[in-house]
Asker: 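Before anything else, here's the structure in question.
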Amino acid sequence: MVNQHYNQIWQTVCAIPKGKVASYGQIADLAGLPGRARLVGKSLGYIPKDMFVPWYRVIRSSGQLAFSAGSDQALHQTGMLQEENVVVFRNRVKLRVFQWQPTLDEMLWKLNG
DNA sequence: GCCGTGACGACGG
DNA sequence: TCCGTCGCCACGG
């Protein structure tokens, strides 16, 4: 039994295209939960093991990875991103280059799904 | 109900 | 750019 908000958040994270990243706040907004970036972070820790959700494409609004530099988790996330050709330098990603900018179509599609 | 705790964010120095 | 501060909100003790 999981909070309904978590499902909305997971769905939204799944909409981030491969090779792009989005911020916690951005996901919260798109999920219809403005101002609840921290809830997004929480929910990513509760992703069911049998469900694929590209959690590693979610980073801070500053471009920094959420995990501290050098930690196992940060290294894992870095590896996953680099497999998608997202450049991670000094534990951060250049948002100018890799941040997902949803088109109107993508946002409307989410409403239907 | 109060309080501390987060995979956060905006802002100012 | 790198910090500290404050606001934020869901949870658990």
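When reading the values below, keep in mind they use all heavy atoms of this one structure, side chains included, and skip hydrogens, waters and symmetry mates. Lettering of chains follows the sequences in order, A, B, ..., and the numbering in each one begins at 1.
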Asker: Which value, in whole Å, describes the distance between the P atoms of nucleotides C:dC8 and B:dG12?
Answerer: 16 Å
Asker: Roughly how many Å is it from OH in A:Y24 to P in B:dA10, rounded to a whole number?
Answerer: 14 Å
Asker: Measuring from atom CG of A:D29 to atom OG of A:S23, what distance do you get when rounded to the nearest 0.5 angstrom?
Answerer: 7.5 Å
Asker: Got a sec, which pairs hit side chain to side chain donor-acceptor pair (under 3.5 Å) with one end in residues 76-86 of chain A, sequence neighbours left out?
Answerer: A:Y56-A:E84, A:R57-A:E84
Asker: Please find the pair of heavy atoms, one from A:V97 and one from A:K20, that lie closest to each other, and give the distance.
Answerer: O-NZ, 3.2 Å
Asker: Nucleotides 9-13 of chain C: which of its N/O atoms have a protein N/O under 3.5 Å away?
Answerer:
residue: C:dA10; atom: OP1; partner: A:R36; partner atom: NH1; Å: 2.9
residue: C:dC11; atom: OP1; partner: A:N3; partner atom: ND2; Å: 2.5

Asker: Applying the 4.5 Å side-chain criterion to the ILVMFWY set and letting contacts propagate, would A:F89 and A:V86 be lumped into a single cluster?
Answerer: no
Asker: Got a second to check how far A:Y6's OH is from A:L44's CG, nearest 0.5 Å?
Answerer: 10.0 Å
Asker: Nearest 0.5 Å please: distance from the CG atom of A:L39 over to the CD1 atom of A:I27.
Answerer: 12.5 Å
Asker: Does the A:W10 side chain pair with the main chain of A:S43, one donor and one acceptor, at a distance under 3.5 Å?
Answerer: yes
Asker: Can you list, in residue-number order, the parts of residues 74-100 of chain A that come under 4.0 Å of DNA chain B, counting heavy atoms only?
Answerer: none
Asker: Once pairs are restricted to Watson-Crick or G-U wobble with both distances under 3.5 Å, how does DNA chain B read as a dot-bracket string, [ ] for crossings and | for other-strand pairs?
Answerer: .|||||.||||||
Asker: Could you state whether A:L75 and A:V87 fall into the same hydrophobic cluster, counting links through intermediate Ile, Leu, Val, Met, Phe, Trp or Tyr residues with side-chain heavy atoms under 4.5 angstrom apart?
Answerer: no
Asker: For the C1' atoms, the ones on C:dG13 and on B:dA7, what distance do you get once it is rounded to whole angstrom?
Answerer: 22 Å
Asker: Evaluate the criterion side chain to side chain contact (heavy atoms under 4.5 Å, CB included) for residue pair A:I59 and A:L95; output intermediate values, then yes/no.
Answerer: CA-CA 10 Å; A:I59 64 180; A:L95 294 181; 3.8 Å; yes
Asker: Under 4.0 angstrom, heavy atoms only, what part of the nucleic acid is A:S23 near: base, sugar-phosphate, or nothing?
Answerer: sugar-phosphate
Asker: What is the minimum heavy-atom distance between A:A37 and A:A28, and which atoms define it?
Answerer: N-CB, 4.0 Å
Asker: Can you tell if the side chain of A:I47 reaches within under 4.5 Å of the side chain of A:V13, non-hydrogen atoms only?
Answerer: no
Asker: Measure the distance from CG on A:L44 to C1' on B:dG6 and round it to the nearest whole Å.
Answerer: 13 Å
Asker: Please write out each protein N/O paired with an N/O of nucleotides 1-4 of chain B under 3.5 Å, distance rounded to 0.1 Å.
Answerer:
none

Asker: Output the rounded distance in Å from CG (A:L33) to P (C:dC8).
Answerer: 17 Å
Asker: According to the side chain to side chain donor-acceptor pair (under 3.5 Å) rule, which pairs have a member within residues 93-102 of chain A, sequence neighbours left out?
Answerer: A:Q26-A:Q99, A:W100-A:E106
Asker: Atom CG in A:D72, atom CZ in A:F67: separation rounded to 0.5 Å?
Answerer: 10.5 Å
Asker: Whole-Å distance between B:dG9 C1' and A:I27 CD1?
Answerer: 15 Å
